[in-house]
Structures are given as structure tokens and as C-alpha cells.
Amino acid sequence: MSVIPFSYDDHPVRVIERDGEPWLVAADVCGVLTIANPRDALARLDPDEKGVGTTDTLGGMQRMAIISEAGVYTLAMTSRKPQAKPFVRWLSHEVIPSIRKRGMYATPAGAEAISKMAKRWGLVAQEVAA
């Protein structure tokens with residue numbers, strides 16, 4: 001599984017695609033929500049809302065607790081912390097729809113840069129093919 005890194009208010013939020021669905025690294029979500037003990041937070045989730053993902057890192061294969069989109073909403077919506085609502089809004093209005101539509105998430109500036117690179121690569125590919 002490949003890890004897709006995002007950043008929310010200077011907090012890293014990694015996403016792993018599992019069976020075509022985005023799953024977020026539990027420790028990252030708990031960091032954004034200032035939940036001190038991710039293990040306790042995961043205990044509140046249903047079995048289908050949590051799991052373990054494996055990804056290749058420089059240090060070898062690493063296992064990490066992950067939570068589904070529904071699990072993220074469950075954690076954030078049951079949180080009374082003020083940072084929960086804007087985080088859910090960011091996920092539900094920007095990140096998840098972008099992943100579903102484009103297979104990735106990028107800020108508008110990042111999306112523009114990616115588009116420019118893709119056009120440039122397309123031109124290079126056409127030149128090579130000619």
C-alpha cells in the first residue's frame with residue numbers, strides 16, 4: 001500500500017488506499033484532534049471502522065493503525081474539541097471528494113502545478129513519439 005501524505009494545519013495526515021477506499025493513519029487523525037491516546041480512541045470504533053495497514057518505508061515494512069472514512073467521522077463527530085468540526089469539514093468537503101474524483105488531493109496551487117507538469121510531460125511524450 002502506498003501512503004499519500006497530506007497536511008492539515010501543519011499536522012501530517014497520511015492516507016492509505018485500501019480496496020479503493022481512503023483509510024487514514026489513526027495516529028495522525030488523533031494528533032489533529034489532540035487525542036492523547038489513539039488506542040483508547042480506536043476502542044470506541046466499530047470493527048469495520050478500524051484496521052491495520054502495512055506500507056513500505058525506508059526502515060522496511062511498517063504496520064500502522066488505520067481508520068476508515070466512517071471511523072474518522074465517528075471520532076471527530078464525537079469529539080467535543082473545537083478543532084474537530086473544521087477537520088471534518090476539510091476531509092468531507094476537500095480531501096475525500098478530491099481523492100474520489102482525481103485519485104489524489106492537492107491544494108489549488110498544487111493542482112495547478114501538477115496540471116502544468118502533466119501538460120509538459122504530455123508535450124515531451126509527443127516529441128519522443130514523433
Exercise. Is the backbone of Arg39 close enough, under 3.5 Å, to the side chain of Asn37 for a donor and an acceptor to pair up by distance?
Worked result: yes
Exercise. Applying the side chain to side chain contact (heavy atoms under 4.5 Å, CB included) test to Ile67, which of Thr74, Asp28, Val29 qualifies?
Worked result: Val29
For this session: Find out whether Ser68 and Tyr73 are in side-chain contact, i.e. whether some heavy atom of one side chain is under 4.5 Å from a heavy atom of the other.
Result: no
Problem set entry | Test side-chain contact (heavy atoms from CB on, under 4.5 Å) applied to Pro22 - qualifying residues, sequence neighbours left out | Val15, Ile96, Ile99
Exercise. Rounded to the nearest 0.5 Å, how far apart are SG of Cys30 and NE2 of His11?
Worked result: 12.0 Å
Seminar exercise, completed: All heavy atoms of Ala41 vs all of Ile35, minimum pair found to be CB-CG2, 3.9 Å
Seminar exercise, completed: Separation between CD1 (Ile66) and CZ (Arg14), nearest 0.5 Å, reads 11.5 Å
Problem set entry | Spacing of Asp46 atom CG and Asp48 atom CG [to the nearest 0.5 Å] | 5.5 Å
For this session: Would you mind reporting whether Gln62 and Thr54 have side-chain heavy atoms less than 4.5 Å apart?
Result: no
Problem set entry | Non-hydrogen atoms of Pro38 and Ala36 that approach each other most closely | CD-O, 3.4 Å
Exercise. Looking at CH2 of Trp23 and NZ of Lys50, how far apart are the two atoms once the value is rounded to the nearest 0.5 Å?
Worked result: 10.5 Å
Problem set entry | N/O donor-acceptor pair under 3.5 Å between Arg18 side chain and Val52 backbone | yes
Only distances under 3.5 Å count here; give the side-chain donor-acceptor pairs of residues 81-88 to other protein atoms, sequence neighbours excluded, each with its distance to 0.1 Å.
from  : atom 1 : to    : atom 2 : distance (Å)
Lys81 : NZ     : Thr34 : O      : 2.7
Lys81 : NZ     : Thr34 : OG1    : 3.2
Gln83 : NE2    : Thr34 : OG1    : 2.8

For this session: Specify the closest pair of heavy atoms between Gly71 and Leu45, including all atoms of both residues, with the distance to one decimal.
Result: O-CD2, 3.7 Å
